[in-house]
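Ligands are counted one by one from 1 in listed order, and the atoms in each one are counted from 1 as well.
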Amino acid sequence: MKFFIDTADLDQIREAANMGVLDGVTTNPSLMAKVGVSDVKGHYLKICEMVDGDVSAEVISTDYEGIVEEGRELAKIHPNITVKIPMIKEGVKAISTLAAEGIKINCTLIFNPLQALVAAKAGAKYVSPFIGRLDDIGQDGMNLIEEVRVVFDNYGLECQILAASVRHTQHLLNCALVGADVATMPLSVIENMIKHPLTDKGLAKFLADHKKMTESVQ
Ligand code: E4P
């Protein structure tokens, strides 16, 4: 399973990259706005230079021509740029065009398995089903990941399931259990995945016993 970080914050990206387990980055216009980016292309380039993996850069246009033009411009920034396109009709047309040109696409804002199927048929490299936002409205986000997995496996589709809107480690574990190819998550989830109180307790005891031993032999 690949781990992506879902942020435009360079310090957080560096922190995750330094752990050596980061496979890519996703951003969106809200995340870019949160860190107050003025030079958008320059910011994407900095991210690409920090992480050896795909970096999703989202288009703002919502019409076919605009999405295609923006997608081509974003793709020129760095070979790791993956153009993120929303699941709308104009977006599907644009995915078909850009994918045929060899541009990597992450189709975002996926909320049902048929949207994922259409994106995969159009040539997207990734689809991003949003788990947390479905949970927020009382639906079962994990069920969506499971259904997309079944649909893609039924037809041997190579499009990767990039589980998005991952809010906590239970989401992450469930994604791994049902076979999501990628999970994108905040730094807090990456850090929480390595924590367990019994690990801390066990380590404290090992260190205390070691100290006792070394003191007793002096
Ligand atoms: C995915 O690529 C999105 O950027 C992201 O996961 C959305 O998460 P949110 O629902 O927590 O905003």
Side-chain angles (χ1 to χ4, degrees), residues 1-13 16-17 22-37 40 43-44 47-48 50-51 53-62 67 70-71 74-75 77 80-88 91-92 94-95 98 103-113 115-116 119-120 124-145 148-149 159-176 178 180-193:
M1 182 188 215
K2 290 186 211 152
F3 294 157
F4 284 12
I5 189 166
D6 193 32
T7 185
D9 184 307
L10 298 179
D11 291 335
Q12 292 191 12
I13 294 169
L22 190 67
D23 302 298
V25 180
T26 52
T27 65
N28 64 41
S30 305
L31 293 170
M32 293 289 273
K34 198 170 165 189
V35 294
V37 177
V40 171
H43 197 80
Y44 286 136
I47 296 176
C48 289
M50 287 167 66
V51 179
D54 284 346
V55 173
S56 288
E58 188 158 344
V59 298
I60 306 303
S61 307
T62 54
I67 296 171
E70 227 186 299
L74 288 169
I77 297 172
N80 287 354
I81 287 288
T82 300
V83 178
K84 204 172 180 191
I85 298 178
M87 172 37 74
I88 53 176
V92 174
I95 291 170
L98 293 170
I103 292 175
K104 292 177 286 184
I105 307 294
N106 171 6
C107 183
T108 191
L109 292 167
I110 297 285
F111 292 97
N112 75 45
Q115 291 180 315
K125 178 174 180 181
Y126 302 100
V127 286
S128 288
F130 278 41
I131 304 171
R133 292 192 193 186
L134 279 172
D135 291 354
D136 289 346
I137 60 162
Q139 294 187 22
D140 181 2
M142 278 315 304
N143 188 45
L144 172 59
I145 304 290
V148 177
R149 183 72 283 156
C159 181
Q160 296 180 42
I161 302 173
L162 195 171
S165 195
V166 168
R167 303 271 172 78
H168 46 68
T169 50
Q170 193 59 45
H171 275 155
L172 183 59
L173 173 59
N174 290 338
C175 283
V178 303
D181 300 286
V182 188
T184 190
M185 54 207 138
L187 180 62
S188 58
V189 176
I190 297 176
E191 291 180 333
N192 284 339
M193 135 172 61

Problem - Main-chain N/O of Arg133 paired to Ser165 side chain as donor or acceptor, under 3.5 Å - result: yes

Output block, N or O contacts of ligand 1, threshold 3.5 Å exclusive:
| residue | atom | partner | partner atom | Å |
| --- | --- | --- | --- | --- |
| ligand 1 | 2 (O) | Lys84 | NZ | 2.6 |
| ligand 1 | 4 (O) | Asp6 | OD1 | 2.9 |
| ligand 1 | 4 (O) | Asp6 | OD2 | 3.4 |
| ligand 1 | 4 (O) | Asn28 | ND2 | 2.7 |
| ligand 1 | 4 (O) | Lys84 | NZ | 3.4 |
| ligand 1 | 6 (O) | Asp6 | OD2 | 2.7 |
| ligand 1 | 6 (O) | Ser165 | N | 2.7 |
| ligand 1 | 10 (O) | Arg133 | NE | 2.7 |
| ligand 1 | 10 (O) | Ser165 | OG | 2.6 |
| ligand 1 | 10 (O) | Arg167 | NH2 | 3.0 |
| ligand 1 | 11 (O) | Arg167 | NE | 3.1 |
| ligand 1 | 12 (O) | Arg133 | NH2 | 2.8 |

Problem - Gly141 backbone acceptor or donor facing Asp135 side chain under 3.5 Å - result: yes

Exercise for the section: Check side chain to side chain contact (heavy atoms under 4.5 Å, CB included) between Val178 and all other residues, then give those that pass, not counting sequence neighbours. Expected result: Met142, Ile145, Glu146

Handout entry: Any donor-acceptor N/O pair, Glu70 side chain to Ile60 backbone, under 3.5 Å
Key = yes

Problem - Pairing residues for Asp9 by the side chain to side chain contact (heavy atoms under 4.5 Å, CB included) criterion, not counting sequence neighbours - result: Thr7, Asp11, Gln12, Val35

Completion exercise
By side chain to side chain contact (heavy atoms under 4.5 Å, CB included), Ala120 pairs with (sequence neighbours left out) Phe152, Leu157, Cys159

